[in-house]
There are 2 protein chains.
Amino acid sequence: MSGVPELLLLQQLNAEEMYGYELVKRIRGVTGETITLGEGVIYPVLHGLEQSGALKARRKKVAGRTRVYYSVTAKGRKRLGILQHEWQRIQSGINAALGAASRA
Amino acid sequence: MSGVPELLLLQQLNAEEMYGYELVKRIRGVTGETITLGEGVIYPVLHGLEQSGALKARRKKVAGRTRVYYSVTAKGRKRLGILQHEWQRIQSGINAALGAASRA
DNA sequence: TCAACATACCTCGCGCTGCGAGGTATGTCA
DNA sequence: TGACATACCTCGCAGCGCGAGGTATGTTGA
């Protein structure tokens, strides 16, 4: 199926180190409100990716509050590449079907 | 989430009346093996769409064997439009995110 | 002639993923 | 001091996808 949330997270974190709460807003912004991933999605995915070694966490105190910043590891970049490719495949597959049918 | 199978089915049937078994192969072909919807996906979706009035079924005997041909109703065409639009939205949303991040 | 394969239909039930809702703690501002 | 924002987290349900299995008929070839 999808793996879309995972793709989006890795992509954002690859561009810039970020923490969970920020990612929620960031993704909403960058997709133009189209895709809204709540915290119930973000945090589990984040933890999963850290577990599998695709992300590295770093606790940081900012203005008395603790944030957990995540950055992409080499393994994560590899994973990102796979997911991007996968997304291309799916996208072009579906678009081919849509195009083919309307041409028929 | 997706609704991708539904979209693909409606799209194909909108172009041409077809039966379930045929759709399985057709979709595999038209998406270039990228997307393979098994019978366990096709038939339930087909029945659901018929139930909701988006499709109309027509039994037909061909070479002794019975086939159930489905065609799209007005309601189905409307539904198809919605799903297509939805797919555009998702697609451009994700691509925006991918583009924005790589530009960063 | 009969096994094996293709056509054509169908359903059950598992598995995974997404996600809303709820819960904690701290800082800030009226 | 209460309300709101920031920041983290988890539980558990819901829904969808889909593999596996089941029926029945026609065809083909050893």
Side-chain angles (χ1 to χ4, degrees), chain A residues 1-10 12-13 17-29 31 33-52 54-55 57-70 79 83 86-87 90 93-94 97, chain B residues 1-10 12-13 17-29 31 33-52 54-55 57-70 79 83 86-87 90 93-94 97:
Chain A
M1 270 200 302
S2 310
V4 166
E6 198 183 335
L7 169 61
L8 257 20
L9 282 204
L10 280 172
Q12 293 306 308
L13 291 176
E17 194 187 44
M18 251 180 272
Y19 56 99
Y21 194 74
E22 191 183 2
L23 274 164
V24 173
K25 302 185 167 185
R26 193 64 79 96
I27 288 180
R28 192 166 35 202
T31 64
E33 258 77 49
T34 315
I35 292 165
T36 303
L37 299 179
E39 305 179 31
V41 181
I42 297 291
Y43 288 113
V45 173
L46 240 25
H47 298 156
L49 287 172
E50 192 192 356
Q51 205 87 35
S52 72
L55 293 181
R58 186 165 70 92
R59 305 187 79 79
K60 203 175 167 187
K61 261 218 153 76
V62 179
R65 227 178 245 105
T66 307
R67 291 177 181 168
V68 185
Y69 282 84
Y70 291 92
R79 176 82 183 134
L83 287 175
E86 190 65 15
W87 169 245
I90 291 174
I94 293 177
Chain B
M1 272 198 303
S2 310
V4 166
E6 198 182 335
L7 168 62
L8 256 20
L9 282 203
L10 280 171
Q12 293 306 309
L13 291 175
E17 194 187 46
M18 251 180 271
Y19 55 100
Y21 194 73
E22 191 184 2
L23 274 164
V24 174
K25 304 185 167 184
R26 192 64 78 94
I27 287 179
R28 190 165 37 201
T31 63
E33 259 76 49
T34 315
I35 293 166
T36 304
L37 300 179
E39 305 179 30
V41 181
I42 297 291
Y43 288 113
V45 173
L46 241 24
H47 298 156
L49 287 172
E50 191 191 359
Q51 206 86 34
S52 71
L55 294 180
R58 188 165 68 91
R59 307 187 78 80
K60 204 173 164 188
K61 260 218 153 79
V62 179
R65 228 179 243 105
T66 306
R67 292 176 180 168
V68 185
Y69 281 86
Y70 291 91
R79 176 83 183 136
L83 288 175
E86 191 66 14
W87 169 246
I90 291 174
I94 293 177

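In what follows, every chain begins at residue 1, and chains take the letters A, B, ... in the order their sequences are listed. Since the model is a prediction, treat every value here as computed from it, not as a measurement. Because only heavy atoms are used, hydrogens play no part in the values below, and waters and symmetry mates are left out as well, while side chains stay in.
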Set of residues satisfying salt bridge (charged side-chain N to carboxylate O under 4.0 Å, His left out) with respect to A:E6, sequence neighbours excluded: A:R79
Separation of A:L9 CG from A:L23 CG (nearest 0.5 Å): 5.5 Å
- prompt: More 5' along DNA chain C: A:A63 or B:Y69, using each one's nearest nucleotide?
  reply: B:Y69
- request: Report the distance from atom CD1 of A:I42 to atom P of C:dT17, rounded to the nearest whole Å.
  value: 15 Å
statement: Residue pair A:P44/A:V62 against DNA chain D: nearer the 5' end by closest nucleotide is A:V62
- request: Measure from the side-chain heavy atoms of A:P5 and tell me the nearest of D:dA7, C:dG18, C:dC10.
  value: C:dG18
query: Can you check the B:E22 CD to C:dC10 P distance for me, whole Å?
result: 15 Å
task: Find out whether B:L13 and B:L46 are in side-chain contact, i.e. whether some heavy atom of one side chain is under 4.5 Å from a heavy atom of the other.
output: yes
field: Length of the CG-C1' vector between B:L83 and D:dC16, whole Å
entry: 14 Å
- request: Please check the phosphate of C:dC9 (OP1 and OP2 only) for any side-chain N or O of B:H47 closer than 4.0 Å.
  value: no
message: So, OP1 or OP2 of C:dT7: does either fall under 4.0 Å of a side-chain N or O from B:Y21?
response: yes
- prompt: Which part of the nucleic acid, if any, lies within reach of B:G20 when heavy atoms closer than 4.0 Å are counted: base, sugar-phosphate only, or nothing?
  reply: sugar-phosphate
task: Apply ring-ring contact (aromatic ring centres under 6.0 Å, His included) to A:Y43 and list each qualifying residue two or more places apart in sequence or on a separate chain.
output: none
task: Round to a whole Å and report the spacing from CD of B:Q51 to P of C:dC10.
output: 12 Å
query: NA contact type, A:V45, heavy-atom cut-off 4.0 Å: base, sugar-phosphate, or nothing?
result: nothing
- request: Look at the side-chain N and O atoms of A:K25 and state whether any lies under 4.0 Å from the OP1 or OP2 oxygen of D:dA7.
  value: no
query: Would you say a side-chain N or O of B:Y19 is under 4.0 Å from OP1 or OP2 of C:dA8?
result: yes
- prompt: Residues two or more places apart in sequence or in another chain: which of them pass side-chain contact (heavy atoms from CB on, under 4.5 Å) with A:T34?
  reply: A:T31, B:R89
Atom pair distance, as rounded to whole Å: NZ in B:K60 and P in C:dA8: 12 Å
- prompt: Can you check the A:L23 CG to D:dA7 P distance for me, whole Å?
  reply: 12 Å
query: In chain order, what residues pass the salt bridge (charged side-chain N to carboxylate O under 4.0 Å, His left out) check against B:R58, with sequence neighbours excluded?
result: B:E17
field: Residues in ring-ring contact (aromatic ring centres under 6.0 Å, His included) contact with B:Y21, at least two apart in sequence or another chain
entry: none
query: Tell me: OH of A:Y43 to C1' of C:dG18, nearest whole Å?
result: 17 Å
- prompt: Over how many whole Å does the gap from A:R59 atom CZ to D:dA7 atom C1' extend?
  reply: 11 Å
Could you pull out the protein-nucleic contacts involving nucleotides 22-25 of chain D (nitrogen or oxygen on both sides, under 3.5 Å)?
residue, atom, partner, partner atom, Å
D:dT25, O2, B:R65, NH2, 3.2

